[in-house]
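In what follows, every chain begins at residue 1, and chains take the letters A, B, ... in the order their sequences are listed.
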2 protein chains.
Amino acid sequence: MSLRHAILVLLQDQEASGYDLAREFANSIGLVWNATHQQIYLELGKLSEQDMVHYRHVPQEGKPDKKLYSLTEAGRTELVRWLKKPAGPARIRDAFMVKVAGGSLADTQVLLAELDSLAKQRRERLATFEALAQRLDESGRDDNVYNYLTVRRGILDQRAWLQWAEEVRHSLEHRSADSTAS
Amino acid sequence: MSLRHAILVLLQDQEASGYDLAREFANSIGLVWNATHQQIYLELGKLSEQDMVHYRHVPQEGKPDKKLYSLTEAGRTELVRWLKKPAGPARIRDAFMVKVAGGSLADTQVLLAELDSLAKQRRERLATFEALAQRLDESGRDDNVYNYLTVRRGILDQRAWLQWAEEVRHSLEHRSADSTAS
DNA sequence: TATGGCATGTAAAGGGTTACATGATTTG
DNA sequence: CAAATCATGTAACCCTTTACATGCCATA
């Protein structure tokens, strides 16, 4: 289980609320580890019971109050300990790719439409990451090499996917003429 | 849940035992959806209860007997139904990337060593996929465009990862001189 | 003789998803 | 006026992981 470690990594730089973390899991870090708000609130509860994080209550006006969490010494120690031991293999659940593999039974038009919609999302992400990378690059990237490298991974990943998508479109478009579903 | 659909996709082409499926999940399809043998046997049990797959018992000599599963009409129908509806977003759990993101607290040497070991695995996979792609390409790739495209995805993915790994090595190697952990 | 491949499973514990629940403010 | 954003949670169910269990054959 390393949802907890992903949370500790995020809290390393700055204190954040559960909501903030959920946003980060939906964007940046979500590319490598995803989690929903329910999971996050639960895990924050456990982490604070175990004194790995600590929170302060922040009242707000016009918005609900929030809890800002930060790392404790124990939390930082646990993170360092975890960073030393080898990471397990990455796990993926990519339903779209399963559909492509089973494509001979699918309607080519449906697949192509889905491909386009995914490509759109990927292009948006790519743009976001490229902008981010440039900003990090300008503001001296030695301070945040790790952020920079993480973002680079995102960029290369999006590009590779988009390149693949073009190959798919090529292969499927001129075959959609004669085999348009059963 | 689409472990079941991944299984149905695999059984589409040929009958297979749980053990065979587990091997495929460890290799080819494992790149996009992974599952262990326990999960597979459990799911095959459910699928056969629901008449989506059917098995015949095959006695063997010198080896344990096995059950060869194949799709039923209901199974094929279910697969076609599933292929029509949009796939959910891909989910990933990549602990190594979490470690990179939290890298400032990590020992650079440890990270680099892990990077090398992962790179080795990726290079092996890449070679396997490239060989497979070539074979599919030679034997007329129109029959199995979907297999071909799946393999291409694997190739592009490995290449992108390896390219990223070189960037990481570059960035971290000349900084490991002065900052070799705390 | 120990390790790895073939082949199948069960059980408990832990992790993750989906649905439910609330409520004010801002934006379209 | 509807939808989205901010902000936090609980509960039930489902899925996944880890550990346990068996047993023969071939290879090192």
Mind calculating the distance between [atom1] ([X]) and [atom2] ([N]) to the nearest angstrom?
X       : N      : atom1 : atom2 : answer
A:His37 : D:dA11 : NE2   : P     : 14 Å
A:Leu21 : D:dG9  : CG    : P     : 12 Å
A:His57 : D:dC6  : NE2   : P     : 18 Å
A:Ile40 : D:dG9  : CD1   : P     : 12 Å
A:Asn34 : C:dG15 : CG    : P     : 16 Å
B:Leu42 : C:dA11 : CG    : P     : 11 Å
B:Tyr69 : C:dA7  : OH    : C1'   : 11 Å
A:Phe25 : C:dT17 : CZ    : C1'   : 16 Å

**Item:** Along DNA chain C (nearest heavy atom to each residue), the more 5'-positioned of A:Glu61 and A:Gln39
**Value:** A:Gln39
**Request:** On DNA chain C, check which nucleotide each of B:Arg91 and B:Lys66 is closest to and give me the residue with the more 5' one.
**Result:** B:Lys66
**Message:** If you assign B:Glu43 and B:Gln38 each to the DNA chain D nucleotide with the nearest heavy atom, which residue ends up on the more 5' nucleotide?
**Reply:** B:Glu43
**Message:** Is the ring pair A:Phe96/A:Trp164 parallel, tilted or perpendicular, if the boundaries are 30 and 60 degrees?
**Reply:** perpendicular
Quick check: does any side chain N or O of [X] sit under 3.5 Å from a backbone N or O of [Y], one acting as donor and the other as acceptor?
X       : Y       : result
A:Asn27 : A:Arg23 : yes
B:Lys66 : B:Ala16 : no
A:Lys99 : B:Lys85 : yes

Checking contacts here: which listed nucleotide ([options]) is nearest the side-chain heavy atoms of [X]?
X       : options               : answer
B:Leu3  : C:dG23, C:dA7, D:dT16 : D:dT16
A:Tyr19 : C:dG15, D:dA7, C:dG16 : D:dA7
A:Arg23 : D:dT8, D:dT16, D:dC6  : D:dC6
B:Thr36 : C:dT17, D:dG9, D:dT18 : D:dT18
A:Gln60 : D:dC6, C:dT8, D:dT8   : D:dC6

With a 4.0 Å limit, can you tell me whether [X] has a side-chain N or O closer than that to the phosphate oxygens OP1/OP2 of [N]?
X       : N      : value
B:Arg93 : C:dG15 : no
B:Lys67 : C:dG9  : yes
B:Tyr41 : C:dT8  : yes

**Asked** When you look at A:Ser17 and A:Asp20, which way does the side chain to side chain donor-acceptor pair (under 3.5 Å) test go after all the steps?
**Response** CA-CA 5 Å; A:Ser17 67; A:Asp20 293 335; 3.1 Å; yes
